[in-house]
Amino acid sequence: MSQPVRNRERRRPQLDRPALVALLFGLVGVGYRLVLTLHTVPVSNSDEATFGLAALHIAEGRDRPVFLYGQRYMGMLESYLAAPLVALAGPSWPVLRLPLLVLYALFLWLIHRLTRRIASPWFAAFVVGLLALGSERVIRDQVTVVGGRPEVKAAVLLMLLIVVGLAQRTLRRRRLAVGLFGLLAGVAVWSDWLIVPYLAVAGLALLWVLRRELLGWAGALLLVGFGLGVAPMVRDNLVAPPGEDSVSVLREISAGTGAVPPWSERLRGGLLEGVPLAGGLCPVDGCARWQEWFGLLYPVLLVVAAAVAVVAYRRGGPRGRLVAPVVQLALVVGAAATLASYLRSPQAATDPLGNARYLSVLQLSLPAVLWPLWLAAVACWRGTVGVAGRLTGAVATAALAALAATTLVVTVLFAAVGTAASRTEERQARELAAAVRGSGLREVYTDYWTCNRLVFNTAEEVVCGVLDGQLTPGQNRVPAYWDRVGRADRPGYVVEAGSTLERRLRRLLGDRADAALVTEAGGYRVYHPAEPVRPWR
């Protein structure tokens, strides 16, 4: 008697319609950023070049940096991620940025998974769609190698997914999952202290889930994982000179100088400029009046989202179901703490455009902050509420539509006309590097924002020392470069045409200035005096 043959092949999980839409949005977002990455948009700078030079040093086995050169609080994980690619393909901006593109794709996948588990599938697709868009400010935070934010956002999302999995008992190896949670927290602290508020609330969510389990092996593995992740930072701080440890440096930076701006100015800069800029609703040069509405709405949304989460939790139920409002509340508190910390800083008022990057981690809280609007809109369109509910739902629908439309318009404008300046500047930077190499110079003096970028563009064929506008030593992140240029018999000078640095240099050279001019390229002039000019000695 014949027996039916069972198909032993594993059934492949099928994507439902919301997941397919989210996948499409994600592919568009990654493709958009890939094109920009290949064209080095947004424009590179010397801070990013310092990470690139560290990646080059790691790839060649010359150094194992813990913190950014000359800055003992920004971790170098991004340089370590780029080092293998730099070793294979050599230093270039697209090669340096490709690991961050992978981190962005991971961020989208993780936030989609988390949003589906604490909210709803279609809302998860909507969140991915918003995050697939990106103004210049948003793209710069996501794909330029300036330290910290891309990797720590992915780490927090994975930590929260571990919390959800532990609560819903979908993770088999619970103790190892807790150890991974600790490792991610330690690495995030080393990489960027900006994420500490989110780490704190994720830790509280883990404590809520496990409670007694953390008193045993799970707690021990949590501490071991955290210790391993934070070990590079701890070791470096133990050998740091007095006053140069991470805590002292951050305290000095946070203190600032001069009078502290009033709260009204900090609120205006932080809410009306910072929040919309970080959310991608404004171009990089600032927000128009009509684009500031989301900054005014954001604190209200935080309060409403917290109330919705508390009400959902108070309804009770099994731990696997209650974890959703717990995680939502954690995201709301993380956003509120991050925003409050930013508003305490004078930079929120003095330079809101340049410092809006510190609010980029608020993207983590998007699923919690927008969830009340989504609930109200869905209830309105399903007709399950009364007149007041329908009115509230209509307003919520309009707010979500305005958020999506504004973000889309700003993204399209940047993609269509906003990339030209970056591409022109990158072309000029390459022309300058070729001109300096072609002149035979290998040691030059220049300004900070030109120096390490020039070194990276020449793969260290040319090294430089940083001078300020007074022709005195500036911020030299790599002391070895300064020493090498100092030992050169006839160092060159690369100065921006018409800058204060050029005027002072020509004044010192006097009648020899025109004879010392070697070439011009990319808006710069290259001088090679017959006698070295070092007025600070």
Side-chain angles (χ1 to χ4, degrees), residues 33-59 63 65-87 89-104 134-153 191-192 194 284 353-358 360 418-419 421-430 432-433 446-460 462-464 466 474-478 481 494 496 522:
R33 285 157 179 81
L34 176 60
V35 172
L36 295 178
T37 297
L38 294 176
H39 288 91
T40 317
V41 176
V43 67
S44 62
N45 60 43
S46 274
D47 281 346
E48 186 176 17
T50 306
F51 280 90
L53 292 169
L56 179 61
H57 299 164
I58 295 167
D63 197 7
V66 174
F67 293 113
L68 182 64
Y69 296 140
Q71 188 169 299
R72 253 194 169 100
Y73 65 90
M74 182 67 70
M76 298 297 284
L77 181 59
E78 293 176 9
S79 294
Y80 282 95
L81 293 175
L85 294 179
V86 172
S92 71
W93 300 109
V95 166
L96 183 63
R97 292 180 177 184
L98 278 177
L100 295 196
L101 184 64
V102 176
L103 283 174
Y104 167 75
S135 63
E136 182 175 356
R137 175 71 272 161
V138 170
I139 298 296
R140 180 173 292 280
D141 291 329
Q142 291 171 341
V143 303
T144 58
V145 185
V146 290
R149 290 174 287 278
E151 60 266 33
V152 297
K153 289 192 292 186
S191 189
D192 191 351
L194 189 68
V284 72
L353 301 185
N355 291 286
R357 64 186 185 276
Y358 297 122
S360 66
T419 63
S422 293
R423 297 175 69 175
T424 299
E425 186 175 338
E426 284 299 324
R427 175 178 52 79
Q428 292 176 337
R430 291 193 298 269
L432 175 63
T446 185
D447 63 273
Y448 176 82
W449 291 110
T450 305
C451 182
N452 282 0
R453 190 182 185 190
L454 175 62
V455 178
F456 187 77
N457 277 333
T458 61
E460 288 192 311
V462 178
V463 299
C464 58
V466 175
Q475 185 181 14
N476 285 274
R477 290 195 178 274
V478 186
Y481 295 162
V494 177
E496 188 175 1

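All values below come from the heavy atoms of this structure, side chains included, with hydrogens, waters and symmetry mates left out. One is the number of the first residue; the rest follow in order along the sequence. Not measured: the values here are computed from a predicted model.
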What is the distance from atom CZ of R453 to atom OG1 of T50, rounded to the nearest 0.5 Å? 12.0 Å
Output all residues satisfying salt bridge (charged side-chain N to carboxylate O under 4.0 Å, His left out) with R97, sequence neighbours left out; order by chain, then residue number. E48
The test is side chain to side chain contact (heavy atoms under 4.5 Å, CB included); show your working for N457 and W93 and say whether it passes. CA-CA 9 Å; N457 277 333; W93 300 109; 2.9 Å; yes
Is it the case that more than 12 heavy atoms not belonging to R423 sit under 6.0 Å from its CZ atom? no
Going from CG on L53 to CG on L96, what distance comes out if it is rounded to the nearest 0.5 angstrom? 9.5 Å
So, taking the atom named CG in L77 and the one named CG in L103, what distance separates them when rounded to the nearest 0.5 Å? 7.5 Å
Could you tell me how the ring of H57 sits relative to the ring of Y481: parallel (under 30°), tilted (30 to 60°) or perpendicular (over 60°)? perpendicular
At what distance, to the nearest 0.5 angstrom, does CD of Q142 lie from CZ of R137? 10.5 Å
How about T419 and E136: do any of their side-chain heavy atoms sit closer than 4.5 Å? no
Separation of D141 CG from Y104 OH (nearest 0.5 Å): 13.0 Å
Considering all heavy atoms, the nearest V463-E460 contact: CG1-O, 4.0 Å
Would you check if there is a donor-acceptor pair between the side chains of E426 and T40 at a distance under 3.5 Å? no
Can you list the steps and then say if N355 with R357 is a side chain to side chain contact (heavy atoms under 4.5 Å, CB included)? CA-CA 5 Å; N355 291 286; R357 64 186 185 276; 4.1 Å; yes
Rounded distance [0.5 Å steps], CZ in R33 versus CG in L100: 12.0 Å
Which residue, T450, D447, T446, N452, forms the side-chain contact (heavy atoms from CB on, under 4.5 Å) with S46? N452
Has N476 got a side-chain atom pairing as donor or acceptor with G474's backbone, closer than 3.5 angstrom? yes
Distance-only donor-acceptor hits, side chain of residues 79-87, under 3.5 Å, sequence neighbours excluded:
from	atom 1	to	atom 2	distance (Å)
S79	OG	F51	O	2.9
Y80	OH	R64	O	3.4
Y80	OH	P65	O	2.8

Heavy atoms only: give me the nearest Q428-G522 pair and the separation to one decimal. CB-CA, 3.6 Å
Do Y448 and D47 have side-chain N/O donor and acceptor atoms under 3.5 Å apart? yes
Check: L36 and V143 side chains under 4.5 Å, non-hydrogen atoms: no
Name all pairs fulfilling the salt bridge (Lys or Arg N to Asp or Glu O under 4.0 Å) condition that reach into residues 70-86, sequence neighbours left out, sorted by first residue then second. R72-D236, R72-E244
Using a 4.5 Å cut-off on heavy atoms from C-beta on, say whether the side chain of D192 contacts that of E151. no
I need the minimum non-hydrogen distance between T458 and V455, along with the two atoms involved. OG1-O, 3.1 Å
